[in-house]
Undergrad: 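Just passing along the structure, written as C-alpha cells.
Counting convention: from 1, in listed order, for ligands and their atoms alike. Position 1 is the first residue of the sequence, and the numbers go up from there.
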Amino acid sequence: MSPISSSDRIFEVETRQALGKLKPYSPGKPIWEVQEELGIERVIKLASNENPLGASPKALEAVQRFLPELHRYPDAQAVHLRKAIAERTALAPEQLIVTNGGDELLTLISETFLEAGDEIVAPSPTFSEYEFGATLMGAVTVPVPFADGFRFDVDAILSAVTERTKLVCICSPNNPTGVYLPQDELRRLLDALPKRVLVLYDAAYSHYVTAEDYSNGLEFVRKGYPVIVLQTFSKIFGLAGIRVGFGAAPEDIIRSILQVKEPFNVNALAQVAAAAAIADEDHIKASCEMNSQGRAQLYEGLRKLGYGWTESMSNFVLVHLGPDAARIGDGLLHRGIIVRSGAAWGLHEYVRVSIGTAEENGLFLEALSELR
Ligand SMILES: *Cc1c(COP(=O)(O)O)cnc(C)c1O
C-alpha cells in the first residue's frame, strides 16, 4: 500500500495545484512486462517507434570506448556533440541545445516561456508532452482539430491564437497520424503568426520523410524566425534507451532556455553515442530503406485485409481497425505483439503500429488476419 494515499495521508504538504491536472504519460508496454504477465516468450514491440535495426554500430563502439571515463562528469556544454550537429545542420553551435531526450527539451521550453494562464496552441491529436509541459506550468492547451484525413489546418491554427498564446506546437510528421505539414503551409503559418509567439517544430521523424515539399524546419531557424526545432536520437538513430535529443533555434532563444537547464543534463555516454550516430550515414540510409519497404509491406497487407490507414511519412502507421479495435488490440497483445492503442488520443477505432523488420511486420499482419 502506498504510504501517501489521499484517504490516509501521513503528511500535510500540499503539492502544486497544477499537478492535479497532469495526465500521466502512457508509454508502450515494455517487452519484459508482456513476457512476464502473459508468459509469452517471443514478444514483438511495435509500439514506441524505435528503430528495428538497432543503434548505429558506430554509436555502440563509441560507448564501449568511453566506458573507462565514466568516473568523470559529462561535458555540461556538450561541446563535441553540438559541433557534430552544427556541421550537419549548417547551424552555429550557439544555435543548439542538447537535452536528455527530446522530452527534456519540451519541459525546458515550458519552464522558460510559459507563465500560469498562458496558452499554447496544438493541433489535436498529437504528442502528449506539449500539453504536459504546459499543464505543469499552469498554462492552458488549446487543441485545434485536424482537417479531413488528419491534414493540418493552418487557418484553424491561426484562428486559435489569442493575446495569451505563447507557443504553437507543430509536430511534422505528426505523432500519431504520420501526416506532415507541407513547406509552403509552414511558411504561411510562420509569416502570419505574431512575432511574440514561439513555434515549436517537432521534427522527431524528419529523417523518414520522402515527400519533396517537406521542411525539417531548420531553414526557418537559419532565417531567424522565432522557431525551435526539436530533434531526437531516439528514433532513426536507434538510441532511445540512452536519452538524448536537441533543439535548434536562433541564438537568443537558446540562450534563454540554457538558463533553466541543469548543468549535467546529458550523460557522457549519450553524448559520444549521439555524435557517432549522427555521422553514421550508412546506418541512417539503411534505416530509411528498411522503413520504406516495411511501410509498403504494411500498406499491402492492410489493403488485402480490408483495413484503412492514414498515409504516413514516418516510421509508424495509424491503422483504422473500426469498432472492434479494442478487441483486436487485446488479441494482438495475447499473441505477443504490442501496438499502441489510439484510445489515449481519443482515436478509439485506431491503433498506431510502428514499422518493424520485414519479419515483425509479417507476424503483425498474420496475427491481424487471424483476429479479423
Ligand atoms: C519520440 C518523440 C520525441 C522525443 O522522444 P525522446 O525519446 O524524449 O527524445 C519527441 N516528439 C515526438 C513527436 C516523438 O514521437
Undergrad: Checking side-chain polar atoms at under 3.5 Å, does Gln183 have a donor or acceptor matched by the opposite partner on Glu219?
TA: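 The answer is yes; a qualifying pair exists.
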Undergrad: Taking heavy atoms and a distance under 4.0 Å, where does Tyr205 meet ligand 1: side chain, backbone, both or neither?
TA: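 Tyr205 to ligand 1: side-chain contact only, backbone stays beyond 4.0 Å.
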Undergrad: Would Asn315 and Arg295 satisfy side-chain hydrogen bond (donor to acceptor under 3.5 Å, both in side chains), going step by step from the backbone distance to the final call?
TA: CA-CA 8 Å; Asn315 68 342; Arg295 193 162 49 196; over 6 Å; no
Undergrad: Who's the nearest protein heavy-atom neighbour of atom 8 (O) of ligand 1, and how far?
TA: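 Checking every protein heavy atom, the shortest distance to atom 8 (O) of ligand 1 gives Arg243 NH2, 2.7 Å.
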Undergrad: Non-hydrogen atoms of Asp202 versus ligand 1: any pair closer than 4.0 Å?
TA: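 For ligand 1, residue contact (heavy atoms, under 4.0 Å) with Asp202 is present.
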Undergrad: Is Asp330 salt-bridged to Arg335, going by a charged N under 4.0 Å from an acidic O?
TA: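 Judged by the 4.0 Å cut-off on N to carboxylate O distance, Asp330 and Arg335 do not form a salt bridge.
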Undergrad: With a 4.0 Å cut-off on N to O distance, would you call Lys166 and Glu119 a salt bridge?
TA: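 Not counted as a salt bridge, because no side-chain N and carboxylate O are separated by less than 4.0 Å.
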Undergrad: Check whether any N or O atom of Asn100, backbone or side chain, sits under 3.5 Å from an N or O atom of ligand 1, and answer yes or no.
TA: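 Such a contact does not occur with ligand 1.
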Undergrad: Tell me whether the rings of Phe127 and Tyr130 are parallel (<30°), tilted (30 to 60°) or perpendicular (>60°).
TA: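 Rings of Phe127 and Tyr130: perpendicular, over 60°.
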Undergrad: Counting from 1, what ligand 1 atoms have a heavy atom of Lys235 closer than 4.0 Å?
TA: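 Ligand 1 atoms under the 4.0 Å threshold to Lys235: 1 (C), 2 (C), 3 (C), 5 (O), 14 (C), 15 (O).
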Undergrad: I need the atoms of ligand 1 closer than 4.0 Å to a non-hydrogen atom of Asp103, numbered in the order shown.
TA: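 Going through ligand 1 atom by atom, the ones under 4.0 Å from Asp103 are 4 (C), 5 (O), 8 (O).
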Undergrad: Below the 3.5 angstrom mark, is there an N/O of Asn175, backbone or side chain, next to an N/O of ligand 1?
TA: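 Such a contact does occur with ligand 1.
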Undergrad: Take the angle between the ring planes of Phe316 and Tyr205 and call it parallel below 30°, perpendicular above 60°, tilted in between.
TA: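 Taking Tyr205 first and then Phe316, their aromatic rings stand perpendicular (interplane angle over 60°).
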Undergrad: With heavy atoms of Cys171 as the reference, note each atom of ligand 1 found under 4.0 Å away.
TA: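 Going through ligand 1 atom by atom, the ones under 4.0 Å from Cys171 are 13 (C).
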Undergrad: Give a yes or no on whether a salt bridge exists between Arg188 and Glu185, defined as a side-chain N under 4.0 angstrom from a carboxylate O.
TA: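 Between Glu185 and Arg188 there is a salt bridge, with a charged N closer than 4.0 Å to a carboxylate O.
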Undergrad: Supply the members, apart from Val339, of the Ile/Leu/Val/Met/Phe/Trp/Tyr cluster built from side-chain contacts under 4.5 Å; use none for a lone residue.
TA: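 Other cluster members: Ile44, Leu46, Leu298, Tyr299, Leu302, Leu305, Tyr307, Trp309, Val317, Val319, Leu321, Ile328, Leu332, Ile337, Val351, Val353, Ile355, Leu363, Phe364, Leu365, Leu368, Leu371.
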Undergrad: Below 4.0 Å from any atom of ligand 1, is there a heavy atom belonging to Glu129?
TA: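 Flag not set, Glu129 not near ligand 1.
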Undergrad: Examine Gly102 against ligand 1 and note whether any of their N/O atoms are separated by less than 3.5 Å.
TA: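 N/O-N/O distance below 3.5 Å exists for this pair.
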Undergrad: Hey, which atoms in ligand 1 end up nearer than 4.0 Å to a heavy atom of Gly101?
TA: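 Ligand 1 atoms under the 4.0 Å threshold to Gly101: 8 (O), 9 (O).
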Undergrad: Within the 4.0 Å heavy-atom shell around Leu230, which atoms of ligand 1 are there?
TA: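 Every atom of ligand 1 under 4.0 Å from some heavy atom of Leu230: 10 (C).
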